[in-house]
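Only a predicted model underlies this, so the values are computations on that prediction, with no experimental measurement involved. Heavy atoms only: backbone and side chains are in, while hydrogens, waters and symmetry mates are out.
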There are 2 protein chains.
Amino acid sequence: MVQKEVKPRGRPKSYDREEALMAAMMTFWKAGYAGTSLDDLSAAMAMNRPSIYAAFGDKRALYLEVIDFYRRRVRASFDRLFDKGLPLCETLQAATAKAIETYVEDQKGCFVVGTAITEAAVDDDVRAVTAEMFREIEQVFAQRFREAAARGQNLIAPPEVLGALMSDVVHGCSLKARAGQNREEIEASARRSIDMICGRGTV
Amino acid sequence: MVQKEVKPRGRPKSYDREEALMAAMMTFWKAGYAGTSLDDLSAAMAMNRPSIYAAFGDKRALYLEVIDFYRRRVRASFDRLFDKGLPLCETLQAATAKAIETYVEDQKGCFVVGTAITEAAVDDDVRAVTAEMFREIEQVFAQRFREAAARGQNLIAPPEVLGALMSDVVHGCSLKARAGQNREEIEASARRSIDMICGRGTV
DNA sequence: GGATTAAAGTGCGAGATGGTACAAAAAGAA
DNA sequence: TTCTTTTTGTACCATCTCGCACTTTAATCC
């Protein structure tokens, strides 16, 4: 299905679109949208500016595409984990642990919480996609609780409430990671919170 | 004690320091540190650039002072509320409601979560003060739970865990507000989460 | 091989940005 | 009034920023 042997006409592209997006994502991730210059992007993506413009449009269009790129990666990562069919609490702990792993790397937190949120106040498109992603995360978690309840598991609150709480906990990890808190503390705190949310009280 | 009658020598200042800081705060709050220009600040503060430099130093120094200004205001606001001596759950609900009120105003969220977090990845001083504030918030909430427990109230988890959760919930409200979610939804979600955290199960 | 196509690479320009030098202004002090 | 002192306000500069016109390079098609 990956029909790539269509032999395009002119000079071949010297970049790989996914790799370029990845490089752009890393650059925006570090310094945010406003804090990243096209020179920074050009250097990181190993593309000169006109090539970036031809491939992605202007800086803002590139940023929006990077957000979507990030979103697809997060979604894929969660889906892969959920497909394992682990019990509720194990699933949530594993998902959070995986998130934390990327958050503490270079102390960048979540891409959306770390960069898009700042831009959301001045850019309607960024705000819209950010809101969508927040909703989606809540829904995804709520669905875990719903399915667990359907399997007969007792919940300490309605799935929507627990989903919102899970979302808050994960986003909290992102904030702490970008604030430089060390991995062990973040993981320990999250683990205890999630245990509580799953009804594994520590008291 | 406010000894101000010291009759300074030269031309009197045409600005009030607190008002100037407030205006700078609002400006940074909207567009973030990198997204705010000195022209923006100059216009909002009604001070020309040389005056800003004389009064606060460069842009970064001003931003750091604005963070501290915000911190003192948040602290004062919480202290005022906690002094009322309301029961645990009422206190937490009121504190969160008050936070949400400022968060949804102009859809800006919390100043730190909305702007400082982005800068934290590239500025050690911002990161340090951000981390401090996050810790302080958790501690402040944990203390509420500890005192309630001392008064004989049952907790569904240790105070530290509940304090961390409360912090996550409030920061979650900030994220949702800046993502443009409407006030009613944010309030309703937070109320239910906090009820759960206080042991007022909804199931 | 020559023509054609498409991308890479060079260079540039209009404007914004952070920061500052310097003169004008407004107060008290002599 | 005249001299200081301190702040305001104008004007400016060096640099960075985004975006694009134009040339060069590398591939396919004829």
Side-chain angles (χ1 to χ4, degrees), chain A residues 3-21 23-25 27-28 30-67 115 118-119 122-123 125-126, chain B residues 3-21 23-25 27-67 115-116 118-119 122-123 125-126:
Chain A
Q3 193 161 351
K4 260 189 176 167
E5 313 308 318
V6 279
K7 47 196 172 183
R9 226 11 181 88
R11 178 173 176 170
K13 296 178 181 177
S14 72
Y15 63 90
D16 175 80
R17 196 174 177 87
E18 296 275 297
E19 280 176 25
L21 278 173
M25 181 174 76
T27 312
F28 280 129
K30 179 75 178 174
Y33 175 77
T36 300
S37 74
L38 275 173
D39 278 343
D40 297 335
L41 291 166
S42 178
M45 300 167 80
M47 294 170 69
N48 42 46
R49 267 195 301 242
S51 295
I52 296 177
Y53 276 83
F56 302 102
D58 66 5
K59 185 186 170 186
R60 184 167 168 279
L62 172 59
Y63 184 67
L64 288 170
E65 185 155 349
V66 164
I67 293 181
T115 79
T118 298
E119 223 47 35
V122 290
D123 188 317
D125 291 331
V126 172
Chain B
Q3 194 162 351
K4 261 191 175 168
E5 314 308 317
V6 279
K7 48 194 172 182
R9 224 12 179 88
R11 178 172 178 170
K13 294 177 181 176
S14 72
Y15 63 89
D16 176 80
R17 196 173 178 89
E18 297 275 299
E19 281 176 26
L21 278 173
M25 181 173 77
T27 312
F28 279 130
W29 207 334
K30 180 74 178 177
Y33 175 78
T36 300
S37 73
L38 275 173
D39 277 343
D40 297 334
L41 291 166
S42 178
M45 302 168 78
M47 294 170 68
N48 42 44
R49 266 191 302 228
S51 295
I52 296 177
Y53 276 82
F56 302 102
D58 65 8
K59 184 185 173 188
R60 185 168 167 278
L62 171 59
Y63 184 67
L64 289 170
E65 187 155 346
V66 164
I67 293 181
T115 78
T118 298
E119 223 49 35
V122 289
D123 188 317
D125 290 331
V126 173

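Atom-to-atom, OH of Tyr15(A) to C1' of dG9(C) comes out at 14 Å; the value is rounded to the nearest Å. Atom CD1 in Ile52(B) sits about 15 Å away from atom P in dT7(D), given to the nearest Å. Atom CG in Asn48(B) sits roughly 17 Å away from atom P in dA23(C) (whole-Å rounding). Tyr33(A) places its OH atom 11 Å from the C1' atom of dT17(D), with the value rounded to the nearest Å. In this structure, Tyr63(A) atom OH and dC18(D) atom C1' are separated by 18 Å, rounded to whole Å. Distance CZ (Arg11(B)) to C1' (dT6(D)): 9 Å, rounded to an integer number of Å. The CG atom of Leu62(B) sits 14 Å away from the C1' atom of dG19(C) (whole-angstrom rounding). Between the P atom of dT8(D) and the OH atom of Tyr53(B) lies a distance of 16 Å, rounded to the nearest Å.
Note: Met25(A) CE to Glu65(A) CD = 12.5 Å, rounded to the nearest 0.5 Å. Distance OG1/Thr118(A) to NZ/Lys30(B): 12.5 Å, rounded to 0.5 Å. Here the CG atom belonging to Asp40(B) is positioned 12.0 Å from the CE atom belonging to Met45(B), to the nearest 0.5 angstrom. Taking CE from Met47(A) and CZ from Phe56(A), the interatomic distance works out to 5.5 Å, rounded to the nearest 0.5 Å. Atom CG of Asn48(A) and atom CG of Leu41(A) lie 13.0 Å apart (nearest 0.5 Å).
Thr27(A) contributes a side-chain N or O that, together with a main-chain N or O of Ala23(A), makes up a donor-acceptor pair within less than 3.5 Å. Side-chain atoms of Lys59(B) come within 3.5 Å of backbone atoms of Tyr33(B) as a donor-acceptor pair (strictly under, hydrogens ignored).
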Can you check nucleotides 14-17 of chain C for protein contacts, nitrogen or oxygen pairs under 3.5 Å, and list what you find?
none

So which protein N/O to nucleotides 1-4 of chain C N/O distances come out below 3.5 Å?
from: dT4(C); atom 1: O2; to: Arg9(A); atom 2: NH1; distance (Å): 3.0

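Each of dA27(D), dA27(C), dT7(D) was ranked by its minimum atom distance to the side chain of Lys13(B); first place goes to dT7(D).
Applying the salt bridge (Lys or Arg N to Asp or Glu O under 4.0 Å) criterion to Asp39(A), with sequence neighbours excluded, gives Arg49(A). In terms of the side chain to side chain contact (heavy atoms under 4.5 Å, CB included) criterion, Ala54(B) has no residue partners (sequence neighbours excluded). Checked against salt bridge (Lys or Arg N to Asp or Glu O under 4.0 Å), Asp125(B) has the following partners two or more places apart in sequence or in another chain: Arg60(B).
For dT7(D), the OP1/OP2 oxygens have no side-chain nitrogen or oxygen of Ser14(B) closer than 4.0 Å. In this model, the phosphate group of dA8(C) is approached by a side-chain N or O of Ser51(A) to a distance below 4.0 Å at OP1 or OP2.
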Evaluate side chain to side chain contact (heavy atoms under 4.5 Å, CB included) for Ile52(B) paired with Tyr15(B), printing each intermediate quantity in order.
CA-CA 10 Å; Ile52(B) 296 177; Tyr15(B) 63 89; over 6 Å; no
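Residues Ala34(A) and Met47(B) each lie close to DNA chain D; by heavy-atom proximity, the contact nearer the 5' end of the strand is made by Met47(B).
In this structure, Tyr63(A) and Phe28(A) have perpendicular ring planes: the angle between them is above 60°, well past the 30° mark.
Base engagement by Pro50(A) is indicated by at least one non-hydrogen atom pair under 4.0 Å involving a base atom.
The overall bend of the helix from dG1(C)-dC30(D) to dA30(C)-dT1(D), read as the angle between its terminal helix axes built from five base pairs each, is 10° when rounded to 10 degrees.
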